[in-house]
Each structure stands twice: as structure tokens, then as C-alpha cells.
Amino acid sequence: QPQVVESGGGLVKPGGSLRLSCAVSGFPNKYYAVAWFRQAPGTQREGVSCLSKSNGWTTYSDSVKGRFTVSSDNGKNTVDLQINDLKPDDAGVYFCAARYSGADTCGTSPYEYHYWGQGTQVTVPP
């Protein structure tokens with residue numbers, strides 16, 4: 001059974017940076033995808049970024065392009081999300097999720113994912 005555990009949240013001033021980490025385990029091969037989601041109070045969960053372990057493809061939502069970077073650390077078996085130039089609208093609970101996928105698939109719909117972490121809080125005061 002695959003498992004994911006995210007960490008690294010905290011309180012950062014606008015314009016600051018933060019690095020989140022998602023530890024992934026339990027997949028028998030490379031054919032899976034890992035995605036980051038976030039949810040602010042009173043809002044629906046939205047996809048932020050996705051990384052395909054199959055071929056290294058990455059995707060980003062329009063609101064975070066140019067500021068967020070997702071990467072895979074194979075030595076630590078984690079998928080990290082580097083967040084730069086934080087804005088108050090970036091605040092919320094960030095979730096890591098994983099699913100089996102084909103070699104060229106990397107979606108950011110929460111309904112596609114079966115394996116979820118517990119979430120880590122990112123606070124960006126105005």
C-alpha cells in the first residue's frame with residue numbers, strides 16, 4: 001500500500017520562501033505521479049503542481065508558475081515543492097498525493113488521487 005507524508009510548512013512573510021517535502025513509499029515501480037494541492041479556509045482544494053516519476057514531466061497551476069518548483073530527490077525518496085515569493089493568497093493547508101499513472105500522465109484533479117498525506121500548514125500573514 002503506497003504511503004505519502006508531507007512536511008515543511010510554517011509561517012513566512014510575503015516575499016519569503018518555503019520548501020515542502022513529500023516522502024513517498026510503497027510503489028512497486030516508477031509508473032506513478034505525485035501532486036501537490038492546497039486548500040484555504042472556505043475554499044475547494046486546488047491542484048498546485050504535479051511531477052511524473054515515469055518521465056520527470058512537471059505541471060503548475062497558472063497562479064504559481066514562475067514561483068513554485070517541484071522536484072524529485074531520489075536519494076531521499078521525496079518530492080519537494082520549493083515555494084518562492086510567497087503571497088497571502090498562497091496560505092492554506094498543503095497536501096501531497098500520489099497515484100498510479102502512465103508514462104506521460106500528470107494530472108492535478110484531487111479526484112484522481114487515492115493516496116494522501118495529512119497536510120501541512122502554510123501561513124502567510126499580510
Side-chain angles (χ1 to χ4, degrees):
Q1 177 93 343
Q3 294 182 347
V4 297
V5 180
E6 66 270 76
S7 61
L11 189 152
V12 181
K13 295 179 179 180
S17 298
L18 197 64
R19 189 174 184 89
L20 308 182
S21 182
C22 176
V24 182
S25 63
F27 284 94
N29 53 52
K30 68 178 182 179
Y31 298 107
Y32 65 96
V34 179
W36 285 95
F37 300 84
R38 67 186 182 187
Q39 188 168 20
T43 70
Q44 295 185 355
R45 192 168 300 182
E46 66 168 336
V48 173
S49 182
C50 179
L51 182 149
S52 172
K53 294 291 290 185
S54 301
N55 56 16
W57 284 13
T58 60
T59 63
Y60 300 92
S61 66
D62 289 339
S63 63
V64 308
K65 286 181 180 177
R67 299 187 298 116
F68 289 22
T69 303
V70 66
S71 61
S72 178
D73 188 333
N74 292 330
K76 298 190 297 183
N77 198 31
T78 63
V79 175
D80 299 337
L81 185 68
Q82 178 67 43
I83 305 174
N84 296 325
D85 191 23
L86 275 160
K87 305 179 185 300
D89 286 347
D90 295 322
V93 179
Y94 281 68
F95 298 90
C96 182
R99 65 175 177 90
Y100 290 100
S101 71
D104 60 351
T105 300
C106 201
T108 52
S109 170
Y111 303 102
E112 300 175 353
Y113 289 81
H114 296 106
Y115 309 105
W116 290 82
Q118 78 289 344
T120 185
Q121 178 72 47
V122 174
T123 303
V124 187

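Here the structure is a predicted model, which means the values were calculated and not measured. Sequential numbering from 1 along the given sequence is applied to the chain's residues.
Formation of a donor-acceptor pair under 3.5 Å by the Tyr100 side chain with backbone atoms of Phe27 is not found in this model. At distances below 3.5 Å, at least one donor-acceptor pair connects side-chain atoms of Asn77 with backbone N or O atoms of Val24. Looking at Ser54, its side chain does come within 3.5 Å of a backbone N or O of Lys30 through a donor-acceptor pair.
Side-chain contact annotation: Ser71 with Asp73, donor-acceptor N/O pair under 3.5 Å absent. Side-chain contact check for Gln82 and Asp80: no donor-acceptor pair (N or O, by modelled atom type) lies under 3.5 Å.
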Give the intermediate values and the outcome of side chain to side chain contact (heavy atoms under 4.5 Å, CB included) for residues Arg19 and Thr69. CA-CA 9 Å; Arg19 189 174 184 89; Thr69 303; over 6 Å; no

In sequence, state the C-alpha distance, the side-chain angles, and the governing distance for Tyr60 and Thr108, and then conclude on side chain to side chain contact (heavy atoms under 4.5 Å, CB included). CA-CA 9 Å; Tyr60 300 92; Thr108 52; over 6 Å; no

List the steps, then state whether side chain to side chain contact (heavy atoms under 4.5 Å, CB included) holds for Ser49 with Val64. CA-CA 8 Å; Ser49 182; Val64 308; 5.6 Å; no

Given Cys96 and Val34, is the side chain to side chain contact (heavy atoms under 4.5 Å, CB included) satisfied, shown in steps? CA-CA 7 Å; Cys96 182; Val34 179; 3.5 Å; yes

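Shown here for Gly47 and Ser61, the closest heavy-atom pair between the two residues is O-CB, 3.6 Å. The nearest pair of heavy atoms linking Pro88 to Pro126 is CG-CA, 4.2 Å. Across Gly15 and Asp85, no two heavy atoms sit closer than the pair CA-OD1, 3.7 Å.
By the criterion of side-chain heavy atoms lying less than 4.5 angstrom apart, applied directly or through intervening Ile, Leu, Val, Met, Phe, Trp or Tyr residues, Leu20 is grouped together with Leu51 in one hydrophobic cluster. Each of Leu18 and Val93 belongs to its own hydrophobic cluster when Ile, Leu, Val, Met, Phe, Trp and Tyr are linked at side-chain heavy-atom distances under 4.5 angstrom.
In this structure, the side chains of Phe37 and Pro110 come closer than 4.5 Å at one or more pairs of heavy atoms. Using a 4.5 Å heavy-atom cutoff, the side chains of Ser63 and Arg38 are in contact. Side-chain atoms of Trp36 and Glu6, non-hydrogen and from C-beta on, do get closer than 4.5 Å to each other. Using a 4.5 Å heavy-atom threshold, the side chains of Val79 and Val70 count as touching. Side chains of Tyr113 and Cys50 form a contact here, defined as non-hydrogen atoms less than 4.5 Å apart.
In this pair, Phe95 and Trp116 present their aromatic rings perpendicular. The plane angle is above 60°, beyond the 30 to 60° band.
The side-chain hydrogen bond (donor to acceptor under 3.5 Å, both in side chains) test with Gln39 singles out one residue from Glu46, Arg45, Gln44, and that residue is Arg45.
Ion pairing between Asp90 and Lys87 fails under the 4.0 Å rule for side-chain N and carboxylate O.
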